[in-house]
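Heavy-atom basis, side chains included; hydrogens, waters and symmetry copies ignored. Note that this is a predicted model, so its numbers are computed, not measured.
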Amino acid sequence: MDAVVKFTSQSQGRDRIFRATQYACALSVYLLRKNSERKELVAKLKSLETTMSAGRKLFRLGNTINSIEAAKRTMQLSDRVLCLCLTAANINRAFYFICDNVLWARSVGLIRNINKERWSLNASRWYFLSLVMNLTRDVYVVLQLMVQRARDKHFSQKMDQHLSENPEVAEVIVPQLDAFLFLLVESLKSHPAVALDTLKNVCDLFIPLDRLGIYQSNAGVVGFCGLISSLIGIVTLAEPKLRIKP
């Protein structure tokens with residue numbers, strides 16, 4: 001119970017619960033859209049989804065400053081690739097939050113004379129760029145882990161054993177590809193924080209891709225990916241050891 005209280009007392013914790021609820025509603029609405037007997041339930045779910053989205057915008061007020069401060073910290077990283085990727089990601093997130101705050105101000109009537117659609121698209125663009133930079137960091141970290149793993153003599157023996165014990169794989173998969181996939185899976189298994197962050201960013205990527213028309217999916221895919229990403233966010237916030245660093 002103490003863990004639950006501590007989690008919900010954080011603004012990030014509340015935001016992630018709201019986010020999971022929002023995308024769970026979106027997915028449920030998509031699955032029930034053709035069920036004529038559930039029209040009232042669908043209407044309630046749509047209303048709840050809208051409420052959760054509005055609540056999250058309120059929680060995100062001030063996140064622009066947090067992103068700028070995070071960018072200042074990542075600029076001090078000694079690894080130049082991590083420094084570039086994380087700083088760019090944080091700067092893009094800061095611009096995303098600025099657009100998000102403007103949209104919130106318009107929704108409550110503080111600002112009127114703005115083009116909502118244009119600001120919404122700009123927010124999606126900044127969000128997309130932030131995710132691309134975060135995914136670039138993930139790929140870089142995964143490649144580093146794979147190189148370290150490949151140099152491990154014990155792991156080399158394990159890989160040779162895997163290839164020798166699965167000769168039938170060679171008939172359908174090129175041995176080099178099998179070795180690469182085995183190395184990738186073993187590297188991610190030994191570093192669950194990296195695996196979870198990569199999966200989360202991949203899932204998140206479908207949201208702006210659909211919004212910007214770069215890769216059209218549907219509300220079901222967006223809802224499912226958003227829900228998976230939100231659940232991962234809840235897990236990593238509750239268990240700091242599963243959060244990728246830096």
Side-chain angles (χ1 to χ4, degrees), residues 1-64 66-67 93 96-97 99-109 116 119-121 123-124 126-128 130-131 134 192-193 195-212 216-240 242-244:
M1 182 60 69
D2 289 341
V4 174
V5 172
K6 182 180 178 181
F7 182 84
T8 54
S9 66
Q10 304 176 63
S11 60
Q12 277 191 337
R14 293 192 295 272
D15 175 69
R16 293 182 186 186
I17 292 173
F18 272 46
R19 190 177 193 267
T21 305
Q22 175 188 343
Y23 284 109
C25 289
L27 178 58
S28 299
V29 168
Y30 178 80
L31 295 175
L32 296 172
R33 70 192 188 284
K34 294 182 179 179
N35 192 332
S36 59
E37 298 178 356
R38 299 295 181 89
K39 287 185 177 180
E40 185 177 346
L41 175 59
V42 169
K44 290 180 179 179
L45 289 171
K46 286 182 177 180
S47 177
L48 180 58
E49 179 188 354
T50 302
T51 301
M52 293 296 103
S53 177
R56 291 184 59 227
K57 287 184 183 299
L58 185 60
F59 288 144
R60 292 197 293 263
L61 292 176
N63 280 2
T64 301
N66 295 337
S67 295
R93 280 184 69 81
Y96 161 71
F97 286 128
C99 295
D100 188 67
N101 294 162
V102 170
L103 289 169
W104 173 82
R106 184 188 184 281
S107 69
V108 298
K116 179 181 177 181
W119 278 89
S120 180
L121 285 174
S124 295
W126 292 118
Y127 183 42
F128 171 72
S130 175
L131 289 173
N134 278 325
L196 286 174
D197 192 71
T198 303
L199 177 59
K200 178 180 179 298
N201 286 325
V202 169
C203 288
D204 277 338
L205 197 62
F206 281 91
I207 300 171
L209 283 176
D210 181 75
R211 180 72 181 86
L212 295 171
Q216 291 283 336
S217 51
N218 57 55
V221 172
V222 172
F224 177 76
C225 290
L227 178 58
I228 295 298
S229 168
S230 301
L231 294 176
I232 293 174
I234 290 173
V235 170
T236 55
L237 187 61
E239 290 290 339
L242 294 177
R243 198 179 310 163
I244 191 171

Identify every side-chain donor-acceptor pair in residues 53-64 under 3.5 Å, counting partners at least two apart or on other chains, and give the distances.
| residue | atom | partner | partner atom | Å |
| --- | --- | --- | --- | --- |
| R56 | NE | D15 | OD1 | 3.1 |
| R56 | NH1 | Q22 | OE1 | 3.0 |
| K57 | NZ | D100 | OD1 | 2.8 |
| R60 | NE | D100 | OD2 | 2.8 |
| R60 | NH2 | D100 | OD1 | 2.8 |
| R60 | NH2 | D100 | OD2 | 3.1 |
| N63 | OD1 | N66 | ND2 | 3.4 |

For the student: nearest non-hydrogen atoms of L205 and P208, plus distance: O-CD, 3.2 Å
Among all residues two or more places apart in sequence or in another chain, which pass the side chain to side chain donor-acceptor pair (under 3.5 Å) test with R211? E117, S120
Interatomic spacing from CH2 in W119 to CG in N101 - rounded to 0.5 Å: 10.0 Å
Distance-only, no hydrogens or angles: does the R16 side chain make a donor-acceptor pair with backbone N or O of G233 under 3.5 Å? yes
For residues 41-55, the salt bridge (charged side-chain N to carboxylate O under 4.0 Å, His left out) pairs (sequence neighbours left out) are E40-K44
Residue set satisfying salt bridge (Lys or Arg N to Asp or Glu O under 4.0 Å) with D204, at least two apart, ordered chain then number -> R19, K200
Hey, what do you get for CD1 (I244) to OG1 (T236), rounding to the nearest 0.5 Å? 10.5 Å
Go through the structure and list residues passing ring pair (Phe, Tyr, Trp, His ring centres under 6.0 Å) with W104, not counting sequence neighbours. none
Suppose we screen for side-chain contact (heavy atoms from CB on, under 4.5 Å). Which residues come up paired with L199, at least two apart in sequence or across chains? C203, I232
Identify, with sequence neighbours excluded, every residue that meets side-chain contact (heavy atoms from CB on, under 4.5 Å) alongside L227. A20, Y23, A24, L27, L231
Within the supplied structure, the quantity of interest is the number of heavy atoms (other residues, nucleotides, ligands) at a distance under 6.0 Å from Q216 CD; does it exceed 12? yes
Y96: which residues meet the ring pair (Phe, Tyr, Trp, His ring centres under 6.0 Å) condition with it, sequence neighbours left out? Y127
Working to the nearest 0.5 Å, report the span between CG of L131 and CZ of F206. 12.0 Å
Tell me every residue that passes side-chain contact (heavy atoms from CB on, under 4.5 Å) with A219, counting only those two or more places apart in sequence or in another chain. Y30
My understanding is that only residues two or more places apart in sequence, or in another chain, count here; which of them pass side chain to side chain donor-acceptor pair (under 3.5 Å) with D210? S217
Nearest atoms (heavy-atom pairs only) where L32 meets L45: CD1-CD1, 4.1 Å
Would the number of heavy atoms belonging to other residues, nucleotides or ligands and lying under 6.0 Å from CZ of F128 be above 12? yes
Any chance you could measure Q12, atom CD, to I17, atom CD1, to the nearest 0.5 Å? 12.0 Å
Partner set under side chain to side chain donor-acceptor pair (under 3.5 Å) for S107, not counting sequence neighbours: none
Once side chain to side chain donor-acceptor pair (under 3.5 Å) is applied, do any residues pair with S130, and if so which ones, sequence neighbours excluded? none
